[in-house]
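Comments concern the structure below.
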Amino acid sequence: MKNRIKVLRAERDWTQADLADRVGISRQAVISIEKYKYTPSLELAFKIASAFEVEITEVFRPEEDE
């Protein structure tokens, strides 16, 4: 699962801590998601998309088959 969290944060000038506060998770969790070390639950994925005020598909996408 690919994500655009880092890009979306940069567009809004948010830190990892800013996003974490808005979603109710730790900054370390944001780091892990951005680095693909942790895949968020569906509920958390929707919360992240909601924080950015975008559709979930604008944040998360399946990895392309090569």
Requested in this report: Mark yes when over 12 heavy atoms from residues, nucleotides or ligands other than Glu58 sit less than 6.0 Å from its CD; otherwise mark no.
Outcome: yes
Query raised in the report: To the nearest 0.5 Å, how far apart are CD1 in Ile5 and CD1 in Ile48?
Result: 4.5 Å
Query raised in the report: Of all residues at least two apart in sequence or in a different chain, which pass the salt bridge (Lys or Arg N to Asp or Glu O under 4.0 Å) check with Lys6?
Result: none
Query - Approximate separation, where rounding is to 0.5 Å, of Lys2 NZ and Arg61 CZ - result: 12.0 Å
Requested in this report: State which residues pass ring-ring contact (aromatic ring centres under 6.0 Å, His included) with Phe60; sequence neighbours excluded, sorted by chain then number.
Outcome: none
Query raised in the report: Closest heavy-atom contact between Ala49 and Ile56?
Result: CB-CA, 3.7 Å
Report task. List in chain and number order the residues that pass side-chain hydrogen bond (donor to acceptor under 3.5 Å, both in side chains) with Ser26, two or more places apart in sequence or in another chain; answer none if no residue qualifies. Result -> none
**Report entry** Non-neighbouring partners of Glu53 that pass salt bridge (Lys or Arg N to Asp or Glu O under 4.0 Å), sequence neighbours left out
**Finding:** none
Requested in this report: Starting at CG of Leu42, measure out to CZ of Phe46 and round the result to the nearest 0.5 Å.
Outcome: 5.0 Å
Requested in this report: Just grab all the salt bridge (Lys or Arg N to Asp or Glu O under 4.0 Å) pairs involving residues 19-32, residues at least two apart or on different chains.
Outcome: none
Report task. Quick one: which residue pairs count as a salt bridge (Lys or Arg N to Asp or Glu O under 4.0 Å) with a foot in residues 40-51, not counting sequence neighbours? Result -> Glu43-Lys47
Requested in this report: Could I get the full list of side chain to side chain contact (heavy atoms under 4.5 Å, CB included) partners for Val7, not counting sequence neighbours?
Outcome: Arg4, Glu11
Report task. Kindly compute the distance separating CG (Asp18) from CZ (Arg12), expressed to the nearest 0.5 Å. Result -> 12.0 Å
Return all side-chain donor-acceptor pairs below 3.5 angstrom for residues 31-40, not counting sequence neighbours, or 'none' if the list is empty.
{"residue": "Ser32", "atom": "OG", "partner": "Gln28", "partner atom": "O", "Å": "3.2"}
{"residue": "Glu34", "atom": "OE1", "partner": "Arg9", "partner atom": "NH2", "Å": "3.4"}
{"residue": "Glu34", "atom": "OE1", "partner": "Gln16", "partner atom": "NE2", "Å": "3.0"}
{"residue": "Glu34", "atom": "OE2", "partner": "Arg9", "partner atom": "NE", "Å": "2.5"}
{"residue": "Glu34", "atom": "OE2", "partner": "Arg9", "partner atom": "NH2", "Å": "3.1"}
{"residue": "Tyr36", "atom": "OH", "partner": "Asn3", "partner atom": "N", "Å": "3.4"}
{"residue": "Tyr36", "atom": "OH", "partner": "Asn3", "partner atom": "O", "Å": "3.3"}

Query raised in the report: Can you name the side chain to side chain contact (heavy atoms under 4.5 Å, CB included) partners of Ser50, sequence neighbours left out?
Result: none
